[in-house]
Structure formats: C-alpha cells, structure tokens
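A short write-up of the structure that comes next.
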Amino acid sequence: MRQVTERPESSSEPRAAESAAGAQKPPAAEPADGRVMGPGTAPAVEGVKAPAAAPDSKPVFAVERLTVSYAGRPAVREVSFGIEERRITALIGASGCGKSTFIRTLNRMNDLIPSASVEGSVRYHGQDLYAPDVDPVQVRKRIGMVFQKPNPFPKSIYDNVAFGPRVLGMKGEMDEMVERALRRGALWDEVKDRLKQNAFGMSGGQQQRLCIARALATDPDVILMDEPASALDPISTGRIEDLMFELKDRVSIVIVTHNMQQAARVSDMTAFFTVVVDDTGHRHGEVVEYDETEKVFTNPADERTEAYVTGRVG
Amino acid sequence: MEAASIAAAGGPRPNLTRGRTPRSVGENIIKALLFLAALISIATTIGIVVSLLAETVEFFSQVGIFEYLLGTKWSPLAGGDQKSFGVLPLISGTLYLTALGLVVAVPLGLGSAIYLAEYASPRARRIIKPVLELLAGIPTIVLGYFALTFITPVLLQGIFGIEVKIFNALSAGLALGVLILPVVATLADDSLRAVPSSLREGAFGLGASKPQVVLRVVFPAALSGIVAGLVLAASRAIGETVVVLVAGGANANLGIDPRESFQNMAAFIAQTARGDIAAQSVEFLTIFAVGTTLFVMTLILNAISIRFVRRFQQVYE
Ligand SMILES: Nc1ncnc2c1ncn2[C@@H]1O[C@H](COP(=O)(O)OP(=O)(O)OP(=O)(O)O)[C@@H](O)[C@H]1O
Ligand SMILES: [Mg+2]
C-alpha cells in the first residue's frame, strides 16, 4: 500500500517536552507560550496571528476547481484555494452552501456516500488525494475528523482513545498514548480516575473533547472539524477553542463554524461560502472570498461577505 | 388580573366542560373492549400456568423431585422395573439439539446479517431479505421431513458418508439451524442497522478500514440486540417439536454422539400425548412435569437475556 505522504517530522520532539510540562499544569488553561487563556477570555487576535503569519507557511491542501455532486447535482462548485500548514482555517457561510460537503472531501469522507462524486483536484502535500491508487483509509489515518455531534463509541473512555492507535497498529505503550492524547485534548484531569467507564456517561462537552482526543491519539497531520462546538455551552466551547490554539503549532486545523465570533477568534484564514442559483435554477455553493481572517471580517472584498459577517443576511 | 379584565370585556364564555356526547360514549366502549382483550390474554396465561402447575404438583406427589431432576434414565412409559423418571437425558438432549442448531445458525445468521447491513448494495438487499423471510415461513413439518428424506440419506449418508442412524441428532440439529437462521439473521440485521451512522463515520475518520469499523465498532454497538435475537432463536430451538419428532427420533439420550437418535422435551410431550395412556396415570402426568420444566427453562433463558440486554444496551439519541 502506497503511502500518501511522508509524515511531517513534527511529532516526536515536541511531544517529550509536553508530557513533562503537561504533568503540572492544566493543559486547557495555558497554551505553550505561557499566556493565560481561561475559558471564555479570547486571546487578542493580533497576538495569535503573529506566529502563524510567518512567511514560511506552506500549503497543506491545494484545492483546484473542485466540484462535488450528489447524484449528479453539484453541491459545491469550482472551489479553488490553498489551506496553509499549521494554521487554523475557518469555513463560514449560510446553511446548505456546502461547507460540510467541502470539508469531507479533504479526507475522502465523501467516499462513504454512494451518490457523491468529485471533480477537480485536492492535493495534500502535493499528492492528489483522488488519484486512483490512493487508499482513502491511508488518507484518513493522517487527516482526522471531528464531527458536529459528539460521536464517542459505546466503549470505555480508554478504549475510545485507544481505538485509533489500535486499528493503526501503532507501536508503543498504550497507556502512555492514551494519557498523552487525553492531556492534549484537555481532558486528562477530568477523566483520569474513570478511564474504564463508558464514554456515554460524560457530558456533551467532555464527549466532544474526547472525540478530539481520540482524533489526536493517532497523531494526525490535519484535523478537520465540522461545527465541533455547535452543540456546546460557552465554557465547553472556550475549552475547545483554547485547545485549537495549543494544537496548531503541530497540526493544521480546518473548522466549519456558524459562529462568527468563533471564526474571528480562532482562525487565521477564513473562506466564505455562499449559495448561488445558476441559470437552470439549481442551487449550489461557491467560495466567494478566501483571505486572512482579519481582512475577511474587517475589510471584505465582496459585499456578500460583508453582509454575512456583519449579520445583515442569513 | 388579566383574566378578570378579559372576562369583564364580556366575550361569550367558552364552554370547556365535559359533556356526555355520543363521541365520549363511543370512546368508553372502545376502551372497555380493549381492556377486555387485555384481560382475556392475562386470564389465558394464568389459566395455562395454573393447570400446568396443578398437574405437575400431582406428578411430584407420585415421583420424588430429586429422582426426577437428578435421574439419568428416562423411560416413563416402560413397564415394571424399566420405568424410570430421570429427566436429565431429556434436558441434555434438548440443550444438545439446540446447541447443534446454534452452531449452524449463529455463523450463517450473523454472517448474512453483517453482509446485509454493511456490505450489500440496495439491490442485493432487496433480493436477499425476502428470501430470508421466505425461509422463516417454511412450516416446521416440511423442514422435518426435509431432514428425514434429504439431509439424512442424501447429504449425511450419501455425500459426506457419515454413518448416521435414520433418526439422528445431526440431521435434526441442521434442520433446527435452518429453522432459526432467519431469526438470528433478521434480528441481527435490524440491530446492526440501528447503529447510528455517526459511529461508522467516527471510526472511518480515524483511519479504520471497513472490516475494522464493522467488527470493532458497529458489531459491539449492536451486541445487545444481537444477543436478544440469539436468545429468541435458542428459545425457539429449545421448544421446537416437529423437526425433532420427525428427524431426531424418540431416544432420550444422555450422550453426545450426533449420529445417534435424540429426543427433546417438546418431542417427548407430543409423542406421549399422542400415545395411548390413561388420563391421570403417572405416565400422563409426566407430560405436565416435562412441560413445566420446559417452561421454566425458557423463562430462565429470557430472564438472562433481558438482564444482558439491559446491561449492554446503549441509548442513542
Ligand atoms: N448525502 C447527501 N445526499 C444528497 N445531497 C446532499 C447530501 N449531503 C448534503 N447534500 C446537499 O448538499 C448541499 C450542501 O450541503 P452541506 O451539508 O454540505 O451544507 P453545509 O454548508 O454544511 O450546511 P450546514 O451549515 O447546514 O451544515 C445541500 O443542498 C444538501 O442538501
Ligand atoms: Mg454542515
């Protein structure tokens, strides 16, 4: 089986530092650089952006003229843009404009929908994800996904996190891998005494962080999040946002959100999708604008973007 | 305050009181009929249990309970010294035949369920599912004679060259397997399909392959329903009469050689009740004792399955 890509050499060295540091401090509250970010207190946008805007940022995905159709009807059309490595990219837009459809093409989740078909190309570190010899299972091993509704498996908390490493046949001490993932998911302190309990007994916010931890356990290169906080209260949402900041020095994150403040708070880049009605009356989604988040929110190029981000249109 | 002012405003007061309209009379009659239906079902159940128990008590006034439960020789219809009331051979024969049936039905049934729920195209499903349901509709007497006239002589003795008796456990067990296969397959298919697709997506999203998703996530998530189906199938096999009567023979056998003739409890009851015995004789009363035993066994099995299902059931919202 061909490897889709070499795994970026990020994994081993920062991890050692983390498990040492993670032991004394609550991971959710403080990002790596020591700034204090309690839940709800959003970091200053400039402060977050500075490191990400570094010029050495490379594309992790290059999407070109991507059209996704269900049963032959385009749901998103002619999408072209690049998603940068180790930054947070937000996808915003009204309901039904194809954000979920788009994000699912990035790890070939759409393969699971028989009626879905994809045209155009998605390059991941330069490799065409839809080339005939690419195995979607290999793709998903590197590109994890977190869904709108928390979907823990009906197993223990431990087994949920261990699931990924087990199916991937990852080598190493499983207890350590589970602990590390739970720490990175800012959940360790809450669950360390009940790892053997069923994950269904957790709160919704904990379940969602478990799903993030579960995705992190396989040490992915990219995490796709489709409205990960839409079912959560502001405190849980804040925790997940904090978590995203901590992750992004190692992982590229793409997040779909309906929450404008959230997009403005967390993301470096923003893509705005909208529904377009074509000549034949069919509705499909398109990308209207893709730029630095600050630009999209303060000085958008397209008036539809402006109308949406300022809340003047649904 | 507000209500008072509305009333003061002086609109016509709406009539909200309960009246004896024709509609309410009709509703009461329907309610009474439905209650009667429920009452009759309950009364029937109680009647069956009471009559069963009364005759069983009578039986145990003539035969010691330990002689019955622990004895290893079952020949209640024999004459003189040969008469013996040890029920163990019947119980073990029942369980043995059921086990043979399950050995056939569990792998085939679960295999078809997994195929149907997780792999089959909608078209394949549209063909296979009705065929399974057709299989469930075959009368057991047909299955019994199929075992006697095809499985035993052609399949076992002919093709496989196994030296089985005309009436034998292997043939009856295979037929029992065919009998309960649709139960296992249909219920397992239902529970697999009831597993929310979000779990499948979650597992795929972690880089699991299709077999890993199915075996490590979907199957365990559906386990409580699958086990409930297996228990139901086992109860059917335990209580099955005709197939065992026709293909299994009439030998209360404590052994485990599948080539031999075996009898189960239900087949014993059918055979004895058909035979020429005096009412209220001890031979006659064995029918009720065995019936009660069978009833208790099925009850225990169901109780276990309910506990199991409760314990492992997941509530997906
Ligand atoms: N499995 C499917 N089969 C057919 N059509 C689908 C399927 N999934 C989505 N669509 C259609 O594709 C279009 C885009 O849907 P999508 O779910 O991608 O939108 P979205 O932007 O994620 O919306 P929301 O914000 O409500 O989640 C919609 O018109 C939808 O009806
Ligand atoms: Mg969506």
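Chain identifiers are assigned alphabetically (A, B, ...) following the order of the sequence lines, protein sequences preceding nucleic acid strands; residue numbering begins at 1 within each chain.
- The heavy-atom pair separating A:F153 from B:G202 by the smallest distance is CZ-C, 4.0 Å.
- Interatomic distance, B:Q212 CD to A:L168 CG, rounded to the nearest 0.5 Å: 8.0 Å.
- Comparing A:R104, A:M145, A:R166 by heavy-atom pairs within less than 4.5 Å of chain B, the highest count is held by A:R104.
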Run the side chain to side chain contact (heavy atoms under 4.5 Å, CB included) test on B:F204 and A:D111 for me, step by step, so that the C-alpha distance in whole Å, both residues' side-chain angles and the decisive distance to 0.1 Å come before the verdict. CA-CA 10 Å; B:F204 277 119; A:D111 288 28; over 6 Å; no

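- When the candidates A:V137, A:N107, A:L224, A:V146 are compared by the number of heavy-atom contacts under 4.5 Å with chain B, A:V137 comes out ahead.
- Looking at A:P114, neither its backbone nor its side chain comes within 4.5 Å of chain B, counting heavy atoms on both sides.
- Heavy atoms from other residues, nucleotides or ligands lying under 6.0 Å from CD1 of B:I256 number 12 at most.
- Atom-to-atom distance recorded for A:K141:NZ and B:S209:OG is 7.5 Å, nearest 0.5 angstrom.
- B:L206 and A:T218 get closest at one heavy-atom pair: O-CG2, 4.3 Å.
- The structure places NZ of A:K155 at 8.5 Å from CZ of B:R216, a figure rounded to the nearest 0.5 Å.
- The part of A:F147 that comes within reach of chain B is its side chain, from C-beta onward, which places non-hydrogen atoms under 4.5 angstrom from that chain.
- Taking each heavy atom of B:L199 and A:P152 in turn, the nearest pair found is CD2-O, 3.2 Å.
- The contact between A:I143 and chain B is made entirely by backbone atoms, counting heavy-atom distances below 4.5 Å.
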